[in-house]
Amino acid sequence: MSELLVEILMYGIFTKLSARDIGRCKLVCKKRLSILSTPEFPLIHCRSTSPSATKWVLAKLDHCGSLEKLFYACTGFCGPKMMFVKPFKTRPDELMILGSLDGMLCVCLEETSQILIWNPLTQASTTLSSCESHGFFKKDSDSAAFYVDSANEYKVLHVIRRRGTKAVYIYSTRLHSWRKITDILSVKHGGKWSLGTWCGDGSILRFDVNLEQFSSVPLPCDFYGGGFDGSLVSIAGQLHIFMCYKYDMYLVGLCKLGYEEWINLWVLPCIGVFPSSFLGFVEYVESTDEMLLMTTCGDIYMLDMKTMQVGYCFPWKYMTALQGSVYFKSLVSPNY
């Protein structure tokens with residue numbers, strides 16, 4: 001087969017197929033298996049995935065006896081549903097999601113504190129915990145972020161803050177090892193760690209994934225003086241913060257980070273369907289221009305960014321949502 005034909009197949013045809021269809025194509029013949037098994041193809045296929053591709057939300061079944069399976073429900077409506085078996089032994093309620101990126105999940109097993117990267121579709125996984133005591137995540141004290149840098153390398157940032165000590169480590173999926181970085185701004189007690197940032201003392205810490213340096217930006221202005229809860233969300237490649245104001249009746253608002261300052265975009269008065277303690281996670285769904293809002297109780301709401309109306313919401317009847325993020329199926333391997 002000519003090199004030109006291989007490129008046409010890889011970039012023009014196979015990248016338009018779903019991840020499951022790619023798996024079927026591998027069974028056709030050895031040549032297709034060879035083309036589709038190159039280290040480069042899963043990443044090419046993932047980056048070619050349409051924004052309208054089906055997104056999934058991670059949840060667990062309450063009525064499942066052993067809870068050995070994870071349940072995914074499609075955003076926007078109650079089906080279809082799919083089941084994935086975990087390649088590691090832990091109960092779903094003890095599985096903490098630290099990040100979701102390109103069809104992979106960075107998770108922590110609460111029983112052992114181990115950090116793993118896992119592709120639920122291919123079942124491929126890799127454990128980041130090492131014999132040097134790196135890669136062990138402590139809930140309510142540590143912070144972590146799963147990201148890809150300008151060299152297309154998947155990395156995990158682990159910020160450790162225990163007993164007054166602070167340290168920052170970065171895991172490289174290419175080198176399969178941790179290394180310590182020295183740049184971390186001092187933070188005071190009383191702040192709040194999220195999955196990727198620290199908020200407190202009037203500022204937010206941010207991390208440049210290419211320069212591997214920390215910097216800080218001030219929190220948005222509290223226009224109503226009653227305080228607010230915020231959740232960071234990326235929209236069109238820009239950092240935003242979705243806020244719930246604690247003023248009289250609960251209001252919600254959105255601010256965008258400009259040049260070292262926050263720009264107030266809108267505030268919605270009194271959306272009664274949002275519970276006061278919602279803040280499970282917030283995700284922007286590009287294909288529909290909607291905000292996916294999940295409460296800590298597992299209820300899901302869709303906020304239409306064009307009409308500023310709640311276009312859809314539904315409760316999990318026999319399920320409980322796990323704190324995490326929107327997921328889509330891909331072939332990218334955590335061992336890349």
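No hydrogens, no waters, no symmetry mates; every other heavy atom, side chains included, goes into these values.
In plain terms, the two heavy atoms of Asn152 and Arg174 that are nearest each other are O-NH2, 3.6 Å. Shortest non-hydrogen contact noted between Ser129 and Gly135 is OG-O, 2.6 Å.
Annotation: side chain of Ile181 is in contact with side chain of Arg179 (closest heavy-atom distance under 4.5 Å). Contact annotation: the side chain of Leu105 never approaches that of Leu98 to less than 4.5 Å [non-hydrogen atoms, C-beta and beyond]. At least one side-chain heavy atom of Tyr284 sits less than 4.5 Å from a side-chain heavy atom of Asp289.
Taking the six-membered ring for Trp and thresholds of 30 and 60 degrees, His134 and Trp178 have ring planes inclined between 30 and 60 degrees apart.
In summary, the side chains of Tyr154 and Asp102 do present a donor paired with an acceptor at a separation below 3.5 Å, with no hydrogens or angles considered.
Panel note: side chain Thr127, backbone Leu116; no donor-acceptor pair is recorded below 3.5 Å. The backbone N or O of Gln123 lies less than 3.5 Å from no partner atom in the side chain of Asn119, so there is not a single donor-acceptor pair. A donor-acceptor pair under 3.5 Å is absent between the side-chain atoms of Trp262 and the main chain of Val217, judged by distance alone.
Residues Lys138 and Glu110 are not paired through a salt bridge, judged by the lack of any N-O separation under 4.0 Å between the basic side chain and the carboxylate. A salt bridge does not link Lys256 to Glu261: none of the charged nitrogens lies less than 4.0 Å from a carboxylate oxygen.
For an aromatic pair to be called close, the ring centres must be under 6.0 Å apart, and Phe137 with His158 satisfies this.
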